[in-house]
Amino acid sequence: MAMTNDAINSDELVVVATGLTKHFADFVAVDNFNLEVKAGTVVSLLGPNGAGKTTIVRMLATLSEPTSGSATVCGYDVVRDADAVRGVVSLTGQFAALEDNLTAEENLLLMARLRGYSKRTATRIVEGLIDRFDIGEFRDKLVKSVSGGQRRRVDLAASLVVQPKVLMLDEPTTGLDPRSRQVVWSTIRELVQGGVTLFLTTQYLEEADALADHIVLIDHGRAVAAGTPNELKSQIGDQRVDIVGIDANGVGLIVEALSSNFQLVIDHNRRTVSVPAPHDLADLVAVTGALARVSAHVDEIALRRPTLDDAFLALTGQASEPYQQDQSIAEVTP
Ligand SMILES: Nc1ncnc2c1ncn2[C@@H]1O[C@H](COP(=O)(O)OP(=O)(O)O)[C@@H](O)[C@H]1O
Ligand SMILES: [Mg+2]
């Protein structure tokens with residue numbers, strides 16, 4: 001990663017937050033948040049709506065002052081050296097500031113002109129961005145009439161009118177359909193190859209997993225866990241097969257059939273057996289094959305991945321068991 005940019009010193013700490021805290025009146029939106037981001041890496045703040053992600057991003061981008069604590073970006077203090085921070089950071093918000101009644105191209109030109117470029121330079125920069133972000137086919141469409149995925153591409157392009165040292169993307173794919181999400185992901189991957197340090201917020205475990213080197217899980221304004229995607233996943237638990245709605249005699253039979261090959265999680269009350277961590281198709285075939293040889297009725301056999309809910313339950317210690325049925329998750333978080 002970031003190998004294409006020789007200027008990057010990968011030990012350089014591009015973002016440092018120390019005890020960063022934000023109160024809105026009595027409400028603590030961000031509580032003692034600490035973070036170090038190395039140059040050329042992708043860090044993702046992962047958390048549900050209201051966790052405090054945007055508030056953190058806004059403080060780092062100098063749009064909101066911390067109540068206490070401090071942060072630096074490229075060594076500049078976000079309060080004392082706010083102007084310098086603005087010079088190195090580009091932020092694309094969840095709700096981007098594009099002009100609906102301008103075309104995609106006009107929006108980009110406007111952005112470049114606002115950054116102080118001459119007409120000629122602005123045109124050159126915008127042509128490059130249109131090319132890079134595949135905007136050509138809708139460059140003349142009003143932004144209000146393009147698809148969500150296309151709009152997001154214009155957003156991303158707009159945030160790169162000036163090549164920032166640090167790019168902050170606040171929920172870049174929220175509300176996008178899966179195909180547009182893929183397009184945005186590949187665009188983001190290209191940006192990272194170009195050497196930018198990326199600070200990304202998301203509600204999607206999958207997205208953080210796909211893009212980030214380091215994930216900070218945030219809930220109620222606090223970091224509840226942090227690590228590489230693999231480190232977090234090993235804490236959260238892997239995917240599993242749930243065998244649900246087994247008839248009265250079936251549980252014992254199924255356990256007997258599977259327990260020699262798999263470590264099972266058995267819920268007698270719910271008549272459910274979970275098979276943790278099937279790693280490949282052979283595991284799945286072994287499970288279904290064993291089931292076929294047992295004379296038991298089951299309502300459903302489902303391959304499930306840990307959801308963000310699972311992650312929170314597991315990492316905030318609220319979950320009593322690593323593998324829970326969706327119903328019991330619903331009981332814990334009504
Ligand atoms: N300007 C504000 N005034 C009062 N409360 C706010 C303000 N901005 C955010 N909050 C509250 O702070 C919490 C965190 O919000 P936010 O940072 O937007 O979360 P996220 O981006 O993770 O969804 C929420 O409960 C939100 O309602
Ligand atoms: Mg937000």
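In listed order, ligands and their atoms are each counted from 1.
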* For atom 23 (O) of ligand 1, state which one of G50, P48, S64, G221 supplies the nearest heavy atom. =>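 Closest candidate by heavy-atom distance is G50.
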* Pick from K53, Q203, H23: the one approaching atom 22 (O) of ligand 1 most closely through a non-hydrogen atom ->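 Of the listed residues, K53 has the closest heavy atom.
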* To do: Ignoring angles and geometry beyond distance, decide whether F24 reaches within less than 3.5 Å of ligand 1 through its nitrogen or oxygen atoms.
  =>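 So ligand 1 has no N or O lying under 3.5 Å from an N or O of F24.
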* Any nitrogen or oxygen of A29, main chain or side chain, under 3.5 Å from a nitrogen or oxygen of ligand 1? ->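 Such a contact does not occur with ligand 1.
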* Asked: Side chain, backbone, both or neither: which part of A25 comes within less than 4.0 Å of ligand 1 when only heavy atoms are counted?
  ->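 Within the 4.0 Å criterion, A25 makes no contact with ligand 1.
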Going by the order shown, which atoms of ligand 1 are within less than 4.0 Å of some heavy atom of [X]?
| X | result |
| --- | --- |
| F27 | 11 (C), 12 (O), 13 (C), 25 (O) |
| N49 | 23 (O) |
| T54 | 17 (O), 18 (O), 20 (P), 21 (O) |

* To do: Supply the atom-to-atom distance R153 CZ to D134 CG, rounded to the nearest 0.5 angstrom.
  =>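 The CZ atom of R153 sits 5.5 Å away from the CG atom of D134.
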* Asked: Which value, rounded to the nearest 0.5 Å, describes the distance between E127 atom CD and R139 atom CZ?
  ->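 Taking CD in E127 and CZ in R139, the distance rounds to 4.0 Å.
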* Asked: Hey, are D267 and T272 close enough side-chain-wise for a donor-acceptor pair under 3.5 Å?
  ->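 D267 and T272 do not have a side-chain donor-acceptor pair below 3.5 Å.
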Of all heavy-atom pairs between [X] and [Y], which one has the smallest distance, and what is that distance?
| X | Y | result |
| --- | --- | --- |
| V161 | L108 | CG2-O, 4.2 Å |
| C74 | K165 | SG-CD, 3.8 Å |
| P66 | V79 | CD-CG2, 3.7 Å |
| L303 | V241 | CD1-CG2, 3.9 Å |

* Asked: Does N49 put an N, O or S atom under 2.8 Å from the Mg ion (ligand 2)?
  ->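 N49 does not place any N, O or S atom closer than 2.8 Å to the Mg ion (ligand 2).
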